[in-house]
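Along the sequence shown, residues carry numbers from 1. One-based numbering, in listed order, for ligands and for the atoms of each. Values below: all heavy atoms of this structure, side chains included; hydrogens, waters and symmetry mates excluded.
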Amino acid sequence: MTENAKIGNLREEIISTLIKAGIPSPRLETDIILKHAAPSYPEVNKAESAKAYEMLKRRINHEPLDKIIGEREFYKSVFKVNQDVLTPRPDTEILVEEAINLLKNKSEGTVLDLGTGSGCILLSILKEYPKLRGIGVDISKKALDVAIENAERLGVATRCTFKNCSWTQLKDLDNSTDMIVTNPPYIESDEIANLEEEVKTYDPKIALDGGKDGYQCYKEIAKLAPSMLKKEGYILIEAGIGQAEKIGEIFENEGLVLQKIVQDLGGINRCVILKK
Ligand code: GLN
């Protein structure tokens with residue numbers, strides 16, 4: 001086969017390889033691969049087709065496309081992502097929307113993100129409100145490196161500090177926070193092996209594992225949150241499927257008041273909101 005004929009078949013070849021590997025949406029993913037590897041497709045040079053094949057090779061190993069490309073859209077921005085952070089999910093955007101509604105008319109204040117990961121929740125809020133300040137906490141130094149880069153990308157770095165520690169080690173936050181946001185690990189430890197390859201192999205386990213019953217982090221955060229929040233401060237918590245009501249109870253038992261549970265676009269009770 002001549003080089004030109006090979007290149008002419010590139011799109012079909014990528015599609016059929018993705019189909020054989022059982023990747024959903026093979027045509028859409030092929031077009032995304034070509035857009036990144038060979039922007040002038042169907043004109044393709046050798047380096048571009050090599051790049052497309054390299055991306056294809058990673059994808060058929062079930063690495064998610066956003067991690068191969070290194071970027072993911074979330075809310076109104078594009079975030080850097082890699083294997084050190086949980087890929088931002090559309091399900092989480094509801095938490096950002098609710099936070100933005102609650103912070104309306106607030107001329108100043110501090111938002112604290114526990115387990116910030118890529119920073120997608122906190123940084124989206126800061127981008128919306130130029131006077132707010134943020135603190136992003138993560139036990140993973142590598143995740144924080146990504147969050148710091150994203151803060152710079154979104155132009156909010158001067159208003160944001162990052163702390164590389166466990167939330168249980170946070171100090172000096174007594175009654176000082178206007179809002180806490182968190183999407184902590186909430187998958188039951190034994191369930192992780194059953195997740196799809198894209199998640200269990202390429203999202204960091206530390207960002208998924210919520211302990212034996214999945215509620216370990218919620219319980220820890222519930223003990224800490226009331227003393228970190230200002231009076232009338234809010235906490236917005238992402239819930240896994242079927243967890244929202246129990247999360248509400250865990251936080252109410254520590255003295256916060258349940259405001260509402262909000263569904264994501266898929267109709268799942270996704271965001272639990274409480275007030276001090
Ligand atoms: N929502 C993620 C998933 O479904 C889990 C994120 C988390 O544990 N916070 O895989």
Checking [X] side chain against [Y] main chain: does a donor-acceptor pair fall under 3.5 Å?
| X | Y | result |
| --- | --- | --- |
| Ser16 | Glu13 | yes |
| Asp178 | Thr110 | yes |
| Arg27 | Asp31 | no |

Identify the heavy atoms of Tyr218 and Pro184 that sit nearest to each other, and give their distance.
CE2-CG, 3.5 Å
Can you tell me how far apart CD1 (Ile33) and OH (Tyr41) are? Round to the nearest 0.5 Å.
12.0 Å
Does NZ or CZ of Lys246 lie under 6.0 Å from the centre of the six-membered ring of Tyr215, at an angle within 45° of the ring axis?
yes
Show me the short polar-atom pairs for ligand 1: any N or O of it lying under 3.5 Å from a protein N or O, with distances only.
unit_1	atom_1	unit_2	atom_2	d
ligand 1	1 (N)	Tyr186	OH	2.8
ligand 1	8 (O)	Tyr186	N	3.0
ligand 1	9 (N)	Asn183	OD1	2.8
ligand 1	9 (N)	Pro184	O	2.6
ligand 1	10 (O)	Arg89	NH2	2.9

